[in-house]
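What follows is a short report on a single structure.
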Amino acid sequence: MAEISVILPDGSTRTISSGATAGDLAADIGPGLAKAALIATVDDVEVDLSSPLADGQQVSIITADSDAGLETLRHSTAHVLAQAVLEMYPGATYAVGPPIEDGFYYDFDLPDGATISDDDLEAIENRMREIIEADQPFERHEVSAAEGLELFADHPYKREIIETVAMAPDADADVGGQSADELADEVAGDGQISYYRNSDSFIDLCRGPHVPSTGRLGYFKLMSVAGAYWRRDSGRPSLQRIYGTAWASRKDLAGHLHRLAEAEKRDHRRLARELDLLSWPTELGPGLAVWHPKGAAVRRIIEDYSRDRHDEAGYQSVVTPHIARSELWETSGHLDFYRESMYPPMELDGASYHLKPMNCPFHVLIFKSSQRSYRDLPIRLFELGTVYRYELSGAVHGLMRIRGFTQDDSHIFATREQAPAEIASLVAFVLSVLRAFGFDSFEARLATRPLEKSIGEDAEWELATEALRDALEASGLEYELDEGGGAFYGPKIDIDVRDAIGRSWQLSTLQVDFQLPERFGLEYVGSDGNRHRPVMIHRALMGAIERFFGVLIEHCSGAFPAWLAPVQAAILPVAATHGDYAAEVEARLRQDGFRAEVSDAQEPLGRRIRAAKLQKLPYVLVVGDDDVAHGTVGVNARGTDGDERGVPLEDFAARLADEVEAHR
RNA sequence: GCCCGAGUAGCUCAGUCGGCAGAGCAGCUGUCUUGUAAACAGCAGGUCGCAGGUUCGAUUCCUGUCUCGGGCUCCA
């Protein structure tokens with residue numbers, strides 16, 4: 001029997017019989033691998049295990065241990081979902097169903113505008129389990145696009161995919177927002193299409209690969225139903241999207257569901273209410289919040305800290321109004337390029353005014369208010385500037401997406417020569433401040449010129465983008481490219497932080513801008529006595545105080561570190577007779593600027609301790625007879641079991657001071 | 001803005017197949033005076049999101065609207 005040899009990932013070669021498949025290779029290597037194998041890569045192309053191998057190929061067997069394996073698992077589970085739905089809802093048709101982070105989704109169009117509700121998910125799940133139980137093989141077939149159109153004659157979305165991708169690969173990829181590239185995930189391309197059959201009645205257009213059979217799946221759960229537009233286009237039909245999660249083992253699935261439950265407990269909207277930090281009265285309208293005393297107390301500490309750091313770093317604080325004449329926004333370009341995010345104009349005394357969506361034009365005017373010399377540069381203006389953006393009503397979300405918010409905004413006016421060093425030091429400054437709040441994991445994106453809606457010369461965009469890229473390279477920060485994601489006036493670096501449970505949130509943004517200085521005619525006098533145009537760097541560090549606060553709440557799960565906690569210590573007299581001493585302790589702590597509160601002895605001690613603990617206070621201090629006699633407190637620290645009795649008050653104050661100083 | 005879903009006491013949620021609306025927690029009052037995560041009793045609290053419609057009668061059914069949630073799009 002003829003033999004071939006293939007190269008394994010470790011560089012070794014392995015001889016197998018001619019005509020063997022990737023699955024045969026896995027079995028040849030070992031029964032454990034055969035059992036775990038889902039797909040293979042052959043010369044870096046993902047293929048089914050049923051693919052025959054050829055001599056000299058580099059072959060790697062993929063299991064659910066890898067991202068590629070897990071993605072396949074999820075993709076195949078999505079197919080099973082489609083099979084179940086099509087069986088259960090006669091006349092239904094299906095669109096696309098890719099793997100996504102932690103799971104998958106599939107889009108459906110049901111006949112006569114029927115809908116799927118959350119209550120239906122269980123029945124669909126049950127049908128999926130039957131399909132998995134039946135262990136149906138995923139069989140790959142390749143046919144011409146024309147045959148594909150016939151096969152999917154009753155499924156217009158599938159036909160559209162074939163027509164878009166397989167029959168006209170050069171079609172305008174931009175139509176409808178979902179590019180042909182993305183749809184190409186579904187098929188093989190080059191005039192051929194591939195589809196998978198896993199029962200007499202079910203086929204699906206798909207590029208593959210898939211797990212060998214449905215029996216390899218099983219650790220999944222359907223999560224929710226949502227609407228989604230066909231090809232992400234609000235002008236096209238709205239489909240029913242079912243989201244699910246899928247994992248390699250029962251344990252992984254349970255772990256994921258546990259993480260979701262934990263995330264829900266951290267939800268800043270829930271904690272904001274439970275800890276009495278802020279609320280969103282419906283009377284105000286969507287996306288508008290009011291800060292209660294405790295939330296405002298934390299915010300003030302955050303803002304004070306921010307101001308101090310900016311002072312140290314050579315910024316000058318400025319203050320600007322919330323509205324300005326429309327002419328300003330015409331000059332800046334906002335009305336041309338940002339209008340849809342702006343509140344509509346107010347007509348006053350024959351003039352038109354807009355609420356500000358950004359602070360930059362105001363800072364530009366401050367720069368422009370006097371003649372500037374190169375000796376003055378860089379000029380760093382800083383403002384906690386409140387802006388208003390008309391976010392789509394469906395987009396507002398707690399503090400994370402809100403219509404009125406305050407940016408820790410700064411605009412730096414520098415010479416072209418100064419800009420690169422300034423940007424590099426800005427990145428360091430941003431990270432340093434974020435670290436002070438307990439964030440230590442960052443990701444950056446370099447966003448380049450948008451295809452539509454942007455102003456300026458390509459050469460300037462290129463220059464600005466390079467300056468940002470250099471700063472990122474110098475910072476050692478990992479970053480990815482966001483093609484076309486820049487602001488209308490310039491490219492930007494966005495910095496995301498990862499929170500305590502691994503989710504990332506966009507906070508900082510840093511943008512290089514040659515356009516606004518041009519539009520407003522900004523100048524400085526150089527050492528050569530000539531007038532030059534400065535470069536402007538826009539920078540929001542925490543981004544929006546509101547979002548930052550929301551992220552911070554979720555990061556620390558509402559248990560603010562002592563330096564931020566709205567109440568650092570609750571003082572609980574054991575009985576009413578200890579009330580006077582409790583008041584003394586409170587006064588002593590307040591004298592050092594600590595935030596302490598007495599909880600009177602009207603209720604049993606256990607109940608008051610519980611109440612304080614539920615508020616996640618750093619310290620609960622219990623004072624009774626012994627403490628009155630010796631000037632001590634009983635210290636019950638957050639996150640510890642039990643308590644320390646008889647701690648001298650001064651020792652406790654010193655300890656708290658250390659903690660606040662260290663931002664622990 | 002679009003799709004789907006949901007709005008019942010401050011909070012979490014029952015309930016009404018159309019016939020005077022319920023619990024727990026929180027709140028208030030009283031009793032208890034407490035040493036480390038829920039004392040006891042009582043009281044009060046609701047135009048069942050809002051506006052129309054159908055009906056003898058609507059919190060319940062229908063329509064519209066507002067708000068919220070999950071997505072889509074967008075974004076600090």
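Convention: sequence-line order gives letters A, B, ...; per-chain numbering from 1.
Contact annotation for P604(A): base contact, defined as any heavy-atom pair under 4.0 Å involving a base atom. Nucleic acid contact for E274(A): none, since no nucleic acid atom lies under 4.0 Å from a heavy atom of the residue. E391(A) comes within contact range of at least one nucleobase, with a heavy-atom separation under 4.0 Å. No contact: R270(A) has no heavy atom under 4.0 Å from any strand. Residue-level contact check: D409(A) touches neither bases nor backbone, having no heavy atom under 4.0 Å from any strand. Nucleic acid contact class of Q240(A) (heavy atoms, under 4.0 Å, all strands): sugar-phosphate only. Across all strands shown, R389(A) has heavy atoms under 4.0 Å from base atoms, whether or not it also approaches the sugar-phosphate. The residue Y338(A) sits apart from the nucleic acid: no heavy atom pair falls under 4.0 Å. A540(A) comes within 4.0 angstrom of nothing in the nucleic acid, heavy atoms only. Across all strands shown, I545(A) has no heavy atoms under 4.0 Å from either base or sugar-phosphate atoms. Contact annotation for S224(A): backbone-only contact, meaning every heavy-atom pair under 4.0 Å involves sugar-phosphate atoms and none involves a base. Using a 4.0 Å heavy-atom cutoff across all strands shown, G606(A) reaches sugar-phosphate atoms only and no base atom. Within the nucleic acid shown, R241(A) comes within 4.0 Å of sugar-phosphate atoms alone, with no base atom in reach, counting heavy atoms only.
With distances taken from any side-chain atom of Q511(A) to the nucleotides G1(B), A76(B), A38(B), the minimum falls on A76(B). The listed nucleotides are U73(B), A37(B), U33(B); the one nearest the side chain of L392(A) is U73(B).
G24(B) is paired with C11(B) under the criterion used here, namely a Watson-Crick or G-U wobble arrangement in which both key atom distances are under 3.5 Å. Across all strands shown, A39(B) forms a Watson-Crick or G-U wobble pair, both distances under 3.5 Å, with U31(B).
Relative to the ring axis of F560(A), K616(A) does not place its NZ or CZ within 45° and under 6.0 Å from the centre.
Considering every non-hydrogen atom in both K294(A) and P566(A), the closest pair reads O-CB, 3.6 Å.
For the ring pair (Phe, Tyr, Trp, His ring centres under 6.0 Å) test, residues two or more places apart in sequence or in another chain that qualify with W291(A) are F549(A).
When the C1' atom is used for both A51(B) and U12(B), the distance is 29 Å, rounded to whole Å. On the P atoms, U60(B) is 36 Å away from U73(B), given to the nearest whole Å. Spacing between A44(B) and U29(B) at atom C1', rounded to whole Å, works out to 10 Å. C43(B) and G22(B) have their P atoms separated by 15 Å, with the value rounded to a whole Å.
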Enumerate all atom pairs, one protein N or O and one N or O from nucleotides 6-8 of chain B, separated by less than 3.5 Å.
none

**Prompt:** Checking ring pair (Phe, Tyr, Trp, His ring centres under 6.0 Å) for the pair H555(A)/F437(A): CA distance, chi angles, key distance, verdict?
**Reply:** CA-CA 10 Å; H555(A) 181 58; F437(A) 286 92; over 10 Å; no
**Prompt:** Step by step, would you call W505(A) with E554(A) a side-chain hydrogen bond (donor to acceptor under 3.5 Å, both in side chains)?
**Reply:** CA-CA 11 Å; W505(A) 303 93; E554(A) 303 215 356; 5.4 Å; no
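Aromatic stacking is not marked for Y243(A) over G70(B), as the cut-offs of 5.5 Å for the centres and 30° for the planes do not both hold.
The environment of CG in D580(A) is sparse: at most 12 heavy-atom neighbours from other residues, nucleotides or ligands sit within 6.0 Å.
The residue among G394(A) and R269(A) whose nearest nucleotide of RNA chain B lies closer to the 5′ end is G394(A).
The side chain of R608(A) places no N or O atom within less than 4.0 Å of a non-bridging phosphate oxygen (OP1 or OP2) of U33(B).
Side-chain atoms of F220(A) and R74(A), non-hydrogen and from C-beta on, never get closer than 4.5 Å to each other.
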